[in-house]
Structures are given as structure tokens and as C-alpha cells.
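Right, one structure below, let's go through it.
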Amino acid sequence: MRIGHGYDVHRLAPDRRLVLCGVEIPSSLGLEGHSDADVAVHALMDALLGAAGLGDIGRHFPDTDDRYRGISSLALLDRVMALLDARGLRLGNCDITIVAQAPKLSPYMDAMRDTLAARLHCDPGRVNVKATTEEHLGQVSTQGIAAHAVALLEETGPRIKNL
Ligand code: MG
């Protein structure tokens, strides 16, 4: 088994969509970023890449590359899963914590989990999504949204070398 951790922050801004775990959430503020700025999927991808020993999303999908401008982070997640699949790695489970003062995210938790499970090709029971505020104590969660993720990967067979 292999474990990985990911962390990301994006700043809140007007005139941007708020997309978390692939689910669009009604909000007067969205997240700034080169892609759709889905901070939760970014943290998850970093956890998956970390567990696989493959660096981070900045290395695979640089924000200087116009091909990734405005792209759905779920499309990037598909590419990460293809990298893992090629190495004989599959998801054991993952756990994501979104840190946001607002908006209230609990109505969207099940949709977030199910959306991710579909893209991760796994049972929803292997995916956990939760959210917390920082009780108005955190600068990050009042000006932006942060996300932490951990992922466990299982080696399913002989690893393909030098991919
Ligand atoms: Mg990011």
C-alpha cells in the first residue's frame, strides 16, 4: 500500500464559478485559478500523485500551459487515474477535508462523493468528503477555500517500469 497527501488553496473572487469535487455550488463568489480552480480535486490529485511517487499537479499540468485554461479539474483527474492505472495502482480509499467559512457545503456532500467515485472508478464507500470552517479564526478560509486530501493506493500487480 502507498499513502499520499495533498493540500491546496485558492482565493475567492467575484465573477467566478464555485466548483468543489466537480459539483457547481451556487455562490456569489467563486475560486480564482487557471483551471476551474476546483481546490478539492487539486488536493486529491496531489495526494494520488504523491502516493504514486509522481510529483505534483504543477509538474503534470503547469498553469503556464494554455491547454489547461478553464479546464474541468475532473478531466485532469481522469489523466491522473490513467497514470496510476498504467502503473498497476488502484485507489484503496481517499479522504478530503474542505476548509471554507462559506458557503454551507453540507447539502452538496453526497453529490461531491458520488461525482468523485465515478471518476475514480470505485465504490462511493471508498471516497469521503467533509468540510469544516475555521470558526472565523483563519485568514485562508475567509479569503479563499483550502482543501486537504489523503489517498491510499494499492499495487495490483507487477509494476510497469519506466513509463
Ligand atoms: Mg490548485
Side-chain angles (χ1 to χ4, degrees), residues 2-85 89 91 93-106 108-109 111-122 126-134 137-153:
R2 306 173 64 104
I3 193 166
H5 167 261
Y7 173 70
D8 196 20
V9 182
H10 282 256
R11 182 179 292 276
L12 285 163
D15 303 319
R16 289 280 300 181
R17 297 157 63 219
L18 178 60
V19 181
L20 294 170
C21 298
V23 176
E24 184 155 354
I25 294 164
S27 171
S28 58
L29 298 174
L31 292 174
E32 280 185 340
H34 186 69
S35 63
D36 65 359
D38 187 334
V39 66
V41 171
H42 292 186
L44 174 62
M45 288 192 286
D46 268 350
L48 294 168
L49 290 168
L54 291 173
D56 61 26
I57 56 172
R59 181 171 126 195
H60 293 272
F61 315 114
D63 63 9
T64 51
D65 190 330
D66 269 350
R67 285 178 299 171
Y68 306 125
R69 185 177 301 281
I71 194 171
S72 165
S73 295
L74 292 179
L76 303 179
L77 179 60
D78 291 343
R79 297 187 197 189
V80 169
M81 292 307 291
L83 290 172
L84 302 187
D85 193 49
L89 296 168
L91 183 72
N93 74 299
C94 63
D95 185 24
I96 298 167
T97 302
I98 300 167
V99 184
Q101 199 60 52
K104 189 171 176 58
L105 298 176
S106 55
Y108 306 99
M109 288 292 144
M112 292 184 193
R113 179 200 59 208
D114 293 348
T115 299
L116 289 183
R119 303 307 273 249
L120 295 166
H121 315 296
C122 72
R126 293 179 182 271
V127 180
N128 194 68
V129 182
K130 55 195 187 294
T132 185
T133 72
E134 289 184 319
L137 295 170
Q139 192 174 24
V140 166
S141 67
T142 52
Q143 297 181 18
I145 293 180
H148 300 261
V150 289
L152 193 75
L153 300 181

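Indexing begins at 1, ligand by ligand and atom by atom, following the structure's order.
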- Query: With no hydrogens and no angle check, do the side chains of Ser35 and His42 hold a donor and an acceptor under 3.5 Å apart?
  - Reply: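 Present: a donor and an acceptor within the cut-off.
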- Task: Over all heavy atoms of both residues, which pair between Met112 and Ile25 is shortest? Give the atoms and the distance, please.
- Result: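 What the structure gives for the nearest pair is CE-CD1, 3.5 Å.
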- Sub-2.8 Å protein N, O or S atoms surrounding the Mg ion (ligand 1):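 Under 2.8 Å from the Mg ion (ligand 1) - ignoring waters, which are not counted - the protein N, O or S atoms are Asp8 OD2, His10 NE2, His42 ND1.
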- Query: Heavy atoms, side chains only, cut-off 4.5 Å: are Arg113 and Asn128 in contact?
  - Reply: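 Counting from C-beta outward, Arg113 and Asn128 never come under 4.5 Å.
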- Query: Between Phe61 and Tyr68, what is the ring plane arrangement, given parallel below 30°, perpendicular above 60°, and tilted in between?
  - Reply: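 Plane angle over 60°, so perpendicular.
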- Message: Applying ring pair (Phe, Tyr, Trp, His ring centres under 6.0 Å), can you list everything that pairs with Tyr108, at least two apart in sequence or on another chain?
- Response: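 If we apply the ring pair (Phe, Tyr, Trp, His ring centres under 6.0 Å) test to Tyr108, skipping adjacent residues, there are no hits.
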- Enclosure of Arg16 CZ (heavy-atom neighbours >12, cutoff 6.0 Å):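 Counting other residues, nucleotides and ligands, CZ of Arg16 exceeds 12 neighbours.
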